[in-house]
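Everything below concerns the one structure shown next.
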Amino acid sequence: MDYDWELLGFGPEGWGPVLLRAAGVTVAVSVTAFLLGVVLGTLCAWAKIGGNRPLRAVAEAYTVILRGIPDLLVIYLFYFGGRQVVAWAGGMLGLQGPFDISGFAAGAIAIGLISGAGQAEVFRGAYHAIPVGSLEAARVVGMRRFLMFRRIIAPQALSTAIPGLGNQWQSVIKESALVSVTGLVETMRQVTVAAGSTEMPFFFFAAGAVIYLVITSISGLVFKGAELWSQRGQAPARL
């Protein structure tokens, strides 16, 4: 089967510029969602570990709900529900419509909430992996809670959490393809448009797969480097 590879180039007939731009949108959505997930996951893990009973109940409900609802449905809820909330808020302020919420914002928030539920378990597991003796020694010498967090908890928990966070990042990249349902022109949306316009679906969907593989492969190397950096000075694990 012959393909016109110039369609992926940057010439007059090439889809290269728009595909590259769409890949940038994919990365932007994923980074925004992942960072939101880090914040929510950290707070949720803290609530489960050291919070009072109401906070633990809220954290448990958050993880159960977000991990139990299909990701696509969460995106739909935030996209269409967000528009209604914005319209309601505008009406309360006496502003005239129409009101809307961008696909980028809805997708990033929805995926961030989904990722936060998974990251909460990563952080919680990393905390429980810290040797009890380290925490007891810090308390014995009178180390304050913030100092103990900075010198004992954070370094050891982060070293343990990085592989899990890398997996969560890979999931965020793949989930970002679902944001195409909001009309946001990211990688999945753009290859769909290109496939329909050229009537070459396999060619462009394969190109989209390569784009996602490039993004995940590069970011995988970044997380691997971060894992090695976090383990510097530590004795290698023995089987």
Problem set entry | Separation of L7 CG from F203 CZ (nearest 0.5 Å) | 5.5 Å
Problem set entry | Check: Q156 main-chain N/O paired with S159 side-chain donor or acceptor under 3.5 Å | no
For this session: Look at the side-chain heavy atoms of Ile, Leu, Val, Met, Phe, Trp and Tyr, link any pair under 4.5 Å apart, and say whether F223 and L35 land in one connected group.
Result: yes
For this session: Answer with yes or no whether the hydrophobic clustering places V31 together with V179; edges join I, L, V, M, F, W, Y residues whose side-chain heavy atoms lie under 4.5 Å apart.
Result: yes
Problem set entry | Pairs flagged by side-chain hydrogen bond (donor to acceptor under 3.5 Å, both in side chains) wherever residues 162-172 is involved - sequence neighbours left out | W169-S219
Seminar exercise, completed: Quick note, salt bridge (Lys or Arg N to Asp or Glu O under 4.0 Å) partners involving residues 163-179, not counting sequence neighbours, are none
Exercise. Any link between I211 and V222 through a network of hydrophobic side chains (Ile, Leu, Val, Met, Phe, Trp, Tyr) touching at under 4.5 Å?
Worked result: no
For this session: Could you pull out all residues at least two apart from A207 that satisfy side-chain contact (heavy atoms from CB on, under 4.5 Å)?
Result: L8
For this session: Please answer: with hydrophobic residues joined when any side-chain heavy atoms are less than 4.5 Å apart, are V141 and L147 in the same cluster?
Result: yes
Exercise. Closest approach of A59 and K48, non-hydrogen atoms and distance?
Worked result: CB-CG, 3.7 Å
For this session: May I ask you to list the residues sharing a hydrophobic cluster with V185, side-chain cutoff 4.5 Å, ordered by chain and number?
Result: none
Exercise. With clusters built from Ile, Leu, Val, Met, Phe, Trp and Tyr whose side-chain heavy atoms come within less than 4.5 Å, directly or transitively, what are the remaining members of the cluster of L36, listed by chain and number?
Worked result: L40, Y62, I65, L66, I69, L73, V74, L77, F78, I109, L113, I114
Problem set entry | All side-chain contact (heavy atoms from CB on, under 4.5 Å) counterparts of Y76, not counting sequence neighbours | L72, F80, V181
For this session: Sequence neighbours left out, what passes side-chain contact (heavy atoms from CB on, under 4.5 Å) with V18? Give chain and number order.
Result: W15, R21, Q190
Exercise. How long is the gap from CG on L165 to CD on E227, to the nearest 0.5 Å?
Worked result: 10.5 Å
For this session: Mind running side chain to side chain contact (heavy atoms under 4.5 Å, CB included) on I162 and W229 for me, showing each step along the way?
Result: CA-CA 10 Å; I162 286 178; W229 176 82; 5.8 Å; no
Exercise. Do the side chain of S115 and the main chain of I111 share a donor and acceptor less than 3.5 angstrom apart?
Worked result: no
For this session: If a pair satisfies side-chain hydrogen bond (donor to acceptor under 3.5 Å, both in side chains) and one of its residues is in residues 122-141, list it, with sequence neighbours excluded.
Result: E121-R124
Seminar exercise, completed: side-chain hydrogen bond (donor to acceptor under 3.5 Å, both in side chains) pairs touching residues 28-38, sequence neighbours excluded, are none
For this session: Of all the heavy-atom pairs spanning A120 and T63, show the shortest one and how long it is.
Result: CB-CG2, 4.3 Å
Exercise. Taking all non-hydrogen atoms of both residues, which atom of V191 and which atom of L19 are closest, and how far apart?
Worked result: CG1-CD2, 3.7 Å
Seminar exercise, completed: Closest heavy-atom pair, A129 versus T160, reported as atoms and distance to 0.1 Å, is CB-CG2, 4.0 Å
Seminar exercise, completed: To the nearest 0.5 Å, atom OH of Y79 lies from atom OG of S102 at 8.5 Å
For this session: Go through the steps for S180 and T192 under the test side chain to side chain contact (heavy atoms under 4.5 Å, CB included), then give the verdict.
Result: CA-CA 9 Å; S180 61; T192 302; over 6 Å; no
Exercise. Taking the hydrophobic residues Ile, Leu, Val, Met, Phe, Trp and Tyr, and joining any pair whose side-chain heavy atoms are under 4.5 Å apart, which ones share a cluster with F10?
Worked result: L20
Problem set entry | Distance (rounded to the nearest 0.5 Å) between S176 OG and D71 CG | 11.5 Å
For this session: Determine whether L43 and L55 fall in the same hydrophobic cluster, where Ile, Leu, Val, Met, Phe, Trp and Tyr are linked whenever their side-chain heavy atoms lie under 4.5 Å apart.
Result: no
For this session: Would you mind reporting whether R189 and V25 have side-chain heavy atoms less than 4.5 Å apart?
Result: no
Exercise. What pairs with V38 under side-chain contact (heavy atoms from CB on, under 4.5 Å), at least two apart in sequence or on another chain?
Worked result: F34, T42, Q119, F123
Exercise. How is the hydrophobic cluster of I218 composed, in terms of its other members, when Ile, Leu, Val, Met, Phe, Trp and Tyr link through side-chain heavy atoms under 4.5 Å apart, directly or indirectly?
Worked result: V210, V214
Seminar exercise, completed: Distance col, row I130:CD1 vs I152:CD1, nearest 0.5 angstrom, shows 9.0 Å
Exercise. Which atoms form the tightest heavy-atom contact between A126 and A161, and what is the distance?
Worked result: CB-CB, 3.8 Å
